[in-house]
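To start, the structure itself, in structure tokens.
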Number of protein chains: 2
Amino acid sequence: MAYDENCPVCATAEIVCGKWTLLIIRDLADDRQRFCELERSLKGISPRTLSLRLRALEEEGMVKRETFPEVPPRVEYALTEKGRALVPLIEDMRSYGRRWLGAEGDCTPAAEDDAAVAPAVVAPPAFAA
Amino acid sequence: MAYDENCPVCATAEIVCGKWTLLIIRDLADDRQRFCELERSLKGISPRTLSLRLRALEEEGMVKRETFPEVPPRVEYALTEKGRALVPLIEDMRSYGRRWLGAEGDCTPAAEDDAAVAPAVVAPPAFAA
DNA sequence: CAGTATCCGTCTGGATACTG
DNA sequence: CAGTATCCAGACGGATACTG
């Protein structure tokens with residue numbers, strides 16, 4: 001982009017401006033998530049975009065990526081301290097949206113849970129070529 | 001864009017995402033500004049973009065436009081209550097930028113004032129064709 | 001001064017398919 | 001599951017010139 005890097009507002013704006021960035025932070029605010037969980041809660045996001053955002057967030061140090069060398073590959077994403085520091089910003093946005101934009105939904109991953117029971121494993125069968 | 005309109009965070013994000021939007025709000029936070037003043041403090045913005053943003057902000061009810069039928073045309077922009085409600089968000093961003101992004105500048109229009117003395121009128125001569 | 005019109009490049013992000 | 005590769009459309013925004 002092209003504005004003053006030294007301005008704290010501008011600098012934060014550059015991070016915040018990505019279309020899904022804030023939503024990812026929001027989804028990660030409650031607890032760590034795996035790639036596919038984010039993919040589901042961020043309904044409509046493409047794997048490419050999610051991947052890009054996650055990578056950028058990781059490079060900026062706001063998200064921590066953890067890999068588990070298991071048979072069904074598992075990767076979890078969580079906020080770092082730097083990332084968590086963004087949460088109040090999101091809360092402000094939520095308040096604003098409710099108060100001035102008439103957006104009443106809560107849009108939290110938990111809210112759109114159809115079955116609260118643990119799905120345990122979605123698809124344990126092999127997938128190797 | 002394409003995400004949940006009912007989510008307060010998403011709804012606010014759509015407003016906040018425009019490249020210059022937040023900066024305009026910030027510049028208007030202190031006091032009302034005219035078009036050319038914004039053009040100057042938002043160094044680098046094109047009149048087209050400024051015009052578009054201002055118009056959008058006006059339609060969304062965050063900015064109030066006031067015209068003065070004077071010989072050198074004068075138009076001033078000011079925040080509405082709805083627009084002013086965005087200021088705390090900007091303050092959060094400023095704090096974040098300072099604390100985590102190492103952005104130390106303040107980027108306020110007043111700060112980059114070269115000569116504090118009133119320039120009175122920059123170019124009073126006629127400009128009519 | 002306060003914009004608008006036109007043109008055009010860039011970047012973002014979606015769709016789809018494929019891999020480790 | 002967790003991505004990556006490719007292709008592509010459309011939005012965003014800059015430059016420049018011109019008008020009321």
Side-chain angles (χ1 to χ4, degrees), chain A residues 1-3 10 13-24 32-59 63 65-78 119-129, chain B residues 1-3 10 13-24 32-59 63 65-78 119-129:
Chain A
M1 308 199 170
Y3 39 39
C10 303
E14 289 198 17
I15 290 171
V16 149
C17 274
K19 184 172 174 187
W20 298 96
T21 310
L22 265 339
L23 288 308
I24 293 175
R32 46 185 35 235
Q33 303 281 331
R34 333 181 21 173
F35 192 90
C36 69
E37 292 174 324
L38 289 170
E39 215 170 350
R40 266 190 290 273
S41 61
L42 266 16
K43 254 186 242 248
I45 198 173
S46 68
R48 173 188 129 90
T49 300
L50 180 54
S51 180
L52 288 174
R53 298 281 123 230
L54 247 14
R55 193 162 306 282
L57 251 12
E58 198 190 341
E59 275 169 17
V63 160
R65 179 193 141 119
E66 200 174 350
T67 309
F68 299 83
E70 304 175 354
V71 180
R74 182 156 60 102
V75 178
E76 291 188 350
Y77 296 88
V121 188
V122 182
F127 59 89
Chain B
M1 310 199 170
Y3 38 38
C10 304
E14 291 199 17
I15 290 171
V16 150
C17 274
K19 183 172 175 187
W20 298 96
T21 310
L22 266 338
L23 288 308
I24 293 175
R32 46 184 36 231
Q33 302 282 330
R34 335 182 19 173
F35 192 89
C36 69
E37 292 175 323
L38 289 170
E39 215 170 350
R40 265 189 292 272
S41 60
L42 267 17
K43 256 188 240 248
I45 196 171
S46 68
R48 175 188 125 92
T49 302
L50 180 54
S51 180
L52 287 175
R53 298 281 123 227
L54 246 14
R55 194 162 304 283
L57 250 11
E58 199 190 340
E59 275 168 16
V63 161
R65 178 191 142 122
E66 199 173 351
T67 309
F68 298 83
E70 303 175 357
V71 179
R74 182 157 60 102
V75 177
E76 292 187 348
Y77 295 89
V121 187
V122 182
F127 58 91

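Only heavy atoms go into these numbers, but all of them, side chains included; no hydrogens, no water, no symmetry mates.
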**Message:** Does a side-chain N or O of A/Ser46 approach OP1 or OP2 of C/dA15 to a distance below 4.0 Å, or not?
**Reply:** no
**Item:** Separation of atom CG in A/Leu52 from atom P in C/dA15, rounded to whole Å
**Value:** 15 Å
**Message:** Please report the distance, rounded to the nearest Å, between CD in B/Glu39 and C1' in D/dG13.
**Reply:** 15 Å
**Asked** What's the closest nucleotide to the B/Pro73 side chain, out of D/dA2, D/dG14, D/dG20?
**Response** D/dG20
**Prompt:** Does A/Arg40 have a side-chain nitrogen or oxygen under 4.0 Å from the phosphate oxygens OP1 or OP2 of D/dA2?
**Reply:** no
**Atom pair distance, as rounded to whole Å: CZ in B/Arg74 and P in C/dG3** = 13 Å
**Prompt:** About how many Å separate OG of B/Ser46 and CG of B/Leu52, when rounded to the nearest 0.5 Å?
**Reply:** 8.0 Å
**Request:** Rounded off to whole Å, could you give me the CZ-to-P distance for the A/Phe68 and D/dG3 pair?
**Result:** 12 Å
**Message:** Classify B/Tyr77 by what it touches in the nucleic acid, base, sugar-phosphate, or nothing, heavy-atom distance under 4.0 Å.
**Reply:** sugar-phosphate
**Request:** Output, in order, the C-alpha distance, side-chain angles, deciding distance and verdict of side-chain contact (heavy atoms from CB on, under 4.5 Å) for A/Leu23 and A/Ile45.
**Result:** CA-CA 11 Å; A/Leu23 288 308; A/Ile45 198 173; over 6 Å; no
**Length of the CZ-C1' vector between A/Arg53 and D/dA2, whole Å** = 18 Å
**Message:** So for A/Arg48 and D/dG3, does any side-chain atom that can act as donor or acceptor lie under 3.5 Å from a complementary atom in the base?
**Reply:** no
**Message:** When both hydrogen-bonding distances must be under 3.5 Å and the geometry is Watson-Crick or G-U wobble, what is D/dC8 paired with, if anything?
**Reply:** C/dG13
**Asked** Is the shortest side-chain N/O distance from B/Lys19 to OP1 or OP2 of D/dG14 below 4.0 Å?
**Response** yes
**Complete:** Of the listed C/dG14, D/dG13, C/dG3, the closest approach to the B/Pro47 side chain comes from C/dG3
**Asked** Separation of A/Lys43 atom NZ from C/dG13 atom P, in whole Å?
**Response** 21 Å
**Minimum-distance nucleotide to A/Trp20 side chain [options: C/dT4, D/dT4, C/dG14]** = C/dG14
**Request:** Calculate the interatomic distance between A/Glu70 atom CD and D/dC1 atom P; express it in whole Å.
**Result:** 13 Å
**Prompt:** When rounded to the nearest 0.5 angstrom, what is the spacing between CD1 in A/Ile15 and OG1 in A/Thr21?
**Reply:** 9.0 Å
**Prompt:** Considering Watson-Crick and G-U wobble pairs with both distances under 3.5 Å, what does C/dG20 pair with?
**Reply:** D/dC1
**Message:** With rounding to the nearest 0.5 angstrom, report the CD to CZ distance, A/Glu37 to A/Arg32.
**Reply:** 10.5 Å
**Asked** Do B/Leu57 and B/Tyr77 pass the side-chain contact (heavy atoms from CB on, under 4.5 Å) test, and can you show the C-alpha distance, the side-chain angles, and the key distance before you say yes or no?
**Response** CA-CA 10 Å; B/Leu57 250 11; B/Tyr77 295 89; over 6 Å; no
**Message:** From CD of B/Glu66 over to C1' of C/dA2, roughly how many Å is that when rounded to an integer?
**Reply:** 15 Å
